[in-house]
Amino acid sequence: MRLRHPFHKLLALQPLWRALFCLSLIAITWLGFTSEPYPIPSAASDKVNHLMAFMELSILARLGWPAIGYLVPLAVLASYGIALELGQAFTPWRDFAVLDVMADVAGILIGYASLALLLRLTGTRLAS
C-alpha cells in the first residue's frame, strides 16, 4: 500500500500532535468560558460540540503520547471536562451540566475507537 509509509511518518510526528493538543486545549477552554457568540460554526446541539471537542482531544493525546496508553489520557481528559463544567458553574452565562460531562467521555471513547479503526485499516501502529 503506497499510503502506509507517508501515513506512518505523519503519525510519528509527536511534537506536532502535542502542539495541536495544547492549542486545542486553549481554544476549547476559551470557547467554554466566553460569553461571546462562537466565532466559528458550531453544532446545533451543545452535546455534539462536546463530543467533537473531546474526540479531537483524545485522538491528539493518543498521537502525541502513545506510550502512556489509554487510561491516563482518559482520566486527564475526563477530569478536564469536569473542571470545565465546574468552572462554568461560576459564570453567569454558563452552567454545570452532567450531560455535558457524559458527552465529553463519550467523545473520548469514540475518538479512541475511531483512531484504533483507522490504524487497523491502514495496518499502522503507533510508535512507543
Side-chain angles (χ1 to χ4, degrees):
M1 180 184 274
R2 295 184 109 179
L3 288 177
R4 186 173 182 194
H5 183 67
F7 186 69
H8 181 70
K9 284 178 118 178
L10 180 65
L11 291 179
L13 296 175
Q14 292 176 7
L16 170 68
W17 305 121
R18 291 174 181 182
L20 290 173
F21 178 85
C22 292
L23 289 172
S24 294
L25 276 180
I26 292 167
I28 291 166
T29 302
W30 181 79
L31 289 169
F33 286 106
T34 186
S35 63
E36 301 295 318
Y38 286 170
I40 57 172
S42 66
S45 169
D46 177 53
K47 306 309 174 255
V48 174
N49 291 336
H50 282 264
L51 192 77
M52 291 187 318
F54 280 80
M55 281 175 61
E56 174 199 9
L57 289 173
S58 66
I59 290 169
L60 292 174
R62 281 292 295 145
L63 293 174
W65 295 273
I68 62 175
Y70 292 95
L71 293 180
V72 171
L74 174 65
V76 169
L77 291 175
S79 297
Y80 169 70
I82 292 168
L84 273 179
E85 291 301 314
L86 288 172
Q88 288 175 354
F90 293 102
T91 65
W93 51 86
R94 304 278 181 165
D95 56 341
F96 181 89
V98 172
L99 288 177
D100 287 350
V101 175
M102 292 172 68
D104 297 344
V105 173
I108 296 165
L109 298 175
I110 292 169
Y112 281 172
S114 299
L115 182 59
L117 178 63
L118 179 65
L119 293 172
R120 184 176 185 126
L121 290 174
T122 61
T124 308
R125 295 181 62 168
L126 293 179
S128 296

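- A donor-acceptor contact shorter than 3.5 Å is absent between the side chain of Trp93 and the backbone of Gln88.
- The backbone N or O of Leu118 sits less than 3.5 Å from a side-chain atom of Thr122, completing a donor-acceptor pair.
- Linking ILVMFWY residues whenever their side-chain heavy atoms come closer than 4.5 Å, directly or via other members, places Val76 and Trp17 in the same cluster.
- Residues Gln14 and Pro66 form a side-chain contact, since some pair of their non-hydrogen atoms from C-beta on lies under 4.5 Å apart.
- Residues Phe54 and Tyr112 fall within the same hydrophobic cluster, defined by Ile, Leu, Val, Met, Phe, Trp and Tyr side chains chained together at heavy-atom separations under 4.5 Å.
- Within the 4.5 Å cutoff, the side chain of Leu84 has no heavy atoms near those of the Asp100 side chain.
- Side-chain atoms of Leu25 and Leu57, non-hydrogen and from C-beta on, do get closer than 4.5 Å to each other.
- Val105 and Ala78 get closest at one heavy-atom pair: CG2-CB, 4.2 Å.
- Side-chain contact between Ser35 and Thr91: absent, with no pair of heavy atoms (C-beta onward) separated by less than 4.5 Å.
- Every pair passing side-chain hydrogen bond (donor to acceptor under 3.5 Å, both in side chains) that includes a residue from residues 54-71 is listed here, sequence neighbours excluded: Ser24-Glu56.
- Side-chain contact between Asn49 and Leu31 is absent, with no heavy-atom pair separated by less than 4.5 Å.
- Annotation: the span from Asp104 atom CG to Ile108 atom CD1 amounts to 6.5 Å, rounded to 0.5 Å.
- Under the 4.5 Å side-chain heavy-atom criterion for ILVMFWY residues, a single connected hydrophobic cluster contains both Ile68 and Leu13.
- Other residues, nucleotides and ligands place no more than 12 heavy atoms under 6.0 Å from the CG atom of Leu71.
- Between Leu51 and Met102 the shortest side-chain heavy-atom distance does not fall below 4.5 Å.
- Listed by first and then second residue, the salt bridge (charged side-chain N to carboxylate O under 4.0 Å, His left out) pairs involving residues 72-91 amount to none (not counting sequence neighbours).
- The hydrophobic cluster containing Leu23 does not contain Leu10, counting ILVMFWY residues as joined when their side-chain heavy atoms lie under 4.5 angstrom apart, directly or transitively.
- Considering only residues two or more places apart in sequence or on other chains, Tyr80 meets the side chain to side chain donor-acceptor pair (under 3.5 Å) condition with Thr29.
- Neither Phe33 nor Phe96 shares a network with the other; the hydrophobic side chains, linked directly or stepwise wherever heavy atoms of I, L, V, M, F, W or Y lie under 4.5 Å apart, form separate groups for each.
- The shortest non-hydrogen separation linking Met55 to Ser114 is CE-OG, 4.4 Å.
- The shortest side-chain heavy-atom distance between Leu115 and Leu63 falls under the 4.5 Å cut-off.
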